[in-house]
Amino acid sequence: MLKFSSLLLTDVFKKLIYSMPIEPEINIPTPENIHLHLELAGLGSRGLAYLLDTIIRVGLLGALFLLFYLLNQFFHLWKNSSKWMIVFLVIPLFLLHWFYFVLFEAFRNGQTPGKKVLRIRVIKEGGYPIGFLESVIRNLLRIVDFLPAAYLLGICLIFVNKRHQRLGDMAAGTVVIREQSYLPIVSPEGETGNFHQSPYESLLARIELNSQEYELIARFLQRRAELDPSHRGKLRRQLIQSLFRRHNINFTVNMPNAPGIQEEFLEHLLGFHSKERK
Amino acid sequence: MKIQKFLRLKQGNWKRLEELLAKIQKQKLSSLFPSEIRELSRRYRRATSELAYAQTYFPGSETTRYLNDLVARTYQHIYPGGYLTWRGVGHFFLYEYPRLFRKNIIFFLISLALFLFSASLGFYVVQINPGSAVMLIPEPVLEKIEQKEMWTEDIFNVFPPALISSVIFTNNISVTFFAFALGILAGLGTIYILILNGLLLGMISSLCCLHDLAGKFWIFVLPHGLTELSLIFIAGAAGLILGNSWLSPGDYTRKESLRQGGREAVRLVLGGVPFLIVAGLVEGYISPSSFIPAYLKIGLGIVLVAALFVYLGKSRPRKRRLPGSPP
């Protein structure tokens with residue numbers, strides 16, 4: 001009996017683990033019949049964004065409190081100030097509590113200030129921008145996700161749900177995604193130099209680039225100015241060495257250990273392969 | 001095609017698309033010239049086919065990821081959601097909100113029944129055993145009632161009506177939001193709120209009866225209470241809709257049904273907000289006033305609630321008969 005039940009338990013665990021998303025991504029089929037892949041935001045960035053938003057809300061409320069206090073100190077507007085304080089802060093508190101998230105997400109395209117800092121965004125499951133109603137649904141249901149304390153329910157659901165949705169997200173049909181910022185790879189334009197006079201001509205012709213290598217070299221040349229010198233040298237050597245190894249070219253014999261020459265070689269290599277060849 | 005050729009041929013399109021996106025980001029979609037809009041859609045479609053090509057021939061490459069991101073960013077401008085417009089809000093209050101109410105009247109009646117049942121239960125329990133009122137009614141209120149005074153008078157003597165009104169309507173709106181949101185727990189949270197409030201009203205009115213305050217109590221409650229409670233019941237209906245939507249999804253999946261229920265329910269709750277503000281103003285200005293005669297106060301309460309239900313029951317869009325359709 002004991003064995004039976006423990007078996008069952010491991011089964012449950014296995015099932016739970018296997019059902020967890022390996023790649024936190026959603027797939028959005030578009031009307032053009034292609035699939036967009038968007039990376040889902042994890043618990044960490046969502047939690048941090050919430051923390052930031054909470055700090056902002058508390059800060060705003062604190063500022064109002066201070067304003068009230070100072071006004072009262074200097075102008076003696078209210079006699080029974082502690083009672084008045086409650087009333088003075090009621091509407092701001094109400095708005096900050098219920099509508100801070102609603103309004104930011106509805107009118108700032110799914111981003112509260114905290115989400116903006118963490119570079120995450122709320123969108124509809126279909127990839128569309130979030131609308132007003134969705135924003136109200138997902139943010140009013142915060143109080144349920146908060147139960148029993150500290151967003152326990154919401155956190156558990158984000159762990160279990162394939163699309164990292166808490167209750168509010170499920171009811172509104174929204175997901176939180178990570179904003180990407182990929183730079184396009186730029187192929188060298190206009191550098192249509194005559195590589196037949198290149199000092200590396202014999203080497204260039206022997207090397208065949210696949211798309212990954214091409215992208216790597218292009219990306220390296222594009223961003224080399226931002227790299228610190230030691231790192232830049234290491235990357236440069238690694239790039240050339242792995243290329244040479246694949247084509248059985250001896251690195252020490254063929255490549256002088258001078259940074260300028262090595263980078264010039266990479267430039268020529270990229271240019272050589274970017275050229276239209278018939 | 002090799003990736004270098006692909007990049008060389010296509011990156012002009014991406015660059016221009018980025019420019020258009022930056023312009024939309026900075027200003028708005030409506031700031032684009034008609035020609036630019038056409039260009040956006042043309043370049044978007046071109047980018048999608050380029051993405052399809054890249055997904056096939058350069059899977060996992062940085063270029064594919066970049067294109068995926070570019071298309072996704074453009075996608076949300078090509079297929080935007082519904083915008084919130086003044087016209088839309090007007091249409092909502094003129095026709096949609098009453099229609100939603102009528103469609104879901106069964107849930108309204110259920111929350112009404114729950115409230116009335118618990119209110120009469122509370123009334124009955126306190127009539128039998130007045131001590132039991134301690135369970136729900138706060139101490140200071142109890143003391144006031146035992147001295148045969150309305151507990152409201154203190155508050156209304158200290159604060160001006162404008163501020164009391166705002167406290168009241170923010171509180172009531174919060175209650176309706178809770179009644180809606182907690183409904184997702186299979187409707188149980190909503191039922192809890194309805195029963196709790198019903199018991200509270202029943203017990204307090206029962207206590208007032210026992211201490212000869214019944215007249216004062218109803219004169220205070222009725223002007224705003226009828227409208228306010230109707231809106232609480234509508235919010236209760238919204239909560240029940242939300243819970244019911246995933247409990248009995250019908251032909252839909254539970255998830256899809258929850259989503260549809262959520263959209264319907266949230267509109268019922270949001271629609272109640274302006275009416276709750278009106279009820280709050282009445283409660284702050286008129287209900288506690290000692291200048292306005294009782295019959296006027298109660299008359300106003302009845303007129304308000306009647307107006308609400310006439311609006312909810314009658315308002316519907318004018319039928320536009322299509323030519324050739326039967327009269």
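Each chain gets a letter, A, B and so on, in the order the sequences are listed, and its residues count up from 1.
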Region of A:Asn33 that comes under 4.5 Å of a non-hydrogen atom in chain B: neither
B:Thr63 versus A:Glu215, side-chain donor and acceptor atoms under 3.5 Å: yes
Residue B:Leu70 versus chain A: region with a heavy atom under 4.5 Å: neither
Donor-acceptor under 3.5 Å (B:Asn68 side chain, A:His37 main chain): yes
Sub-4.5 Å side-chain heavy-atom contact between B:Tyr75 and A:Pro31: yes
Contact origin within B:Leu51 toward chain A - heavy atom pairs under 4.5 Å: side chain
Options B:Glu62, B:Gln55, B:Arg73, ranked by heavy-atom pairs under 4.5 Å with chain A, top entry: B:Glu62
Side-chain donor-acceptor pair present, A:Gln165, B:Lys255, cut-off under 3.5 Å: yes
Nearest heavy atoms of A:Tyr128 and B:Tyr79, plus distance in Å: CD2-O, 3.0 Å
Largest heavy-atom contact set with chain A, pairs under 4.5 Å, which of B:Leu67, B:Leu242, B:Thr48: B:Thr48
Any donor-acceptor N/O pair, A:Glu32 side chain to B:Tyr44 backbone, under 3.5 Å: no
Between A:Glu125, A:Glu179, A:Glu39, A:Gln212, the one whose heavy-atom pairs under 4.5 Å with chain B are most numerous: A:Glu125
Interatomic distance, B:Ile78 atom CD1 to A:Thr30 atom OG1 [nearest 0.5 angstrom]: 11.0 Å
Which atoms of A:Leu147 approach chain B - backbone, side chain, both or neither, heavy atom under 4.5 Å: side chain
Whether over 12 other heavy atoms sit under 6.0 Å from A:Tyr69 OH: no
Residues in residues 170-182 of chain B near chain A [non-hydrogen atoms, under 4.5 Å]: B:Thr170, B:Ile173, B:Ser174, B:Phe177, B:Phe178, B:Phe180, B:Ala181, B:Leu182
Distance (rounded to the nearest 0.5 Å) between A:Asn210 CG and B:Lys2 NZ: 9.0 Å
From OH (B:Tyr57) to OG (A:Ser211), nearest 0.5 Å: 13.0 Å
Set of ring pair (Phe, Tyr, Trp, His ring centres under 6.0 Å) partners for B:Tyr192, sequence neighbours left out: none
Residues, nucleotides or ligands: over 12 heavy atoms within 6.0 Å of A:Arg108 CZ: no
Per-residue contact mode, A:Leu140 against chain B (heavy atom under 4.5 angstrom): both
Any residue of residues 17-27 of chain B which, by heavy atoms, sits under 4.5 Å from chain A: none
Region of B:Glu256 in contact with chain A, defined by heavy-atom distances below 4.5 Å: neither
Atom pair CD/CG of B:Glu264 and A:Leu133 - distance to nearest 0.5 Å: 11.5 Å
Contacting region of A:Arg219 [heavy-atom separation from chain B under 4.5 Å]: side chain
For chain A, the option from B:Arg45, B:Gln260, B:Arg263, B:Arg267 that forms the most heavy-atom pairs under 4.5 Å: B:Arg263
Contact summary for B:Ala72 and A:Leu36, nearest pair of heavy atoms: CA-CD1, 3.8 Å
Spacing of CG belonging to A:Asp145 relative to CD1 belonging to B:Ile184, to within rounding of 0.5 Å: 7.5 Å
Selection from A:Ile123, A:Val144, A:Asn109, A:Leu95 maximising heavy-atom pairs under 4.5 Å formed with chain B: A:Val144
Gap separating the CZ atom of B:Arg259 from the OG1 atom of A:Thr174, nearest 0.5 angstrom: 9.5 Å
Neighbours of chain A found in residues 270-281 of chain B - heavy atoms under 4.5 Å: B:Leu270
Heavy-atom contact with chain A under 4.5 Å, split by part of B:Leu185: side chain
Structural part of A:Ile34 lying under 4.5 Å from a heavy atom of chain B: side chain
Under 4.5 Å from any heavy atom of chain B - which part of A:Ala172: backbone
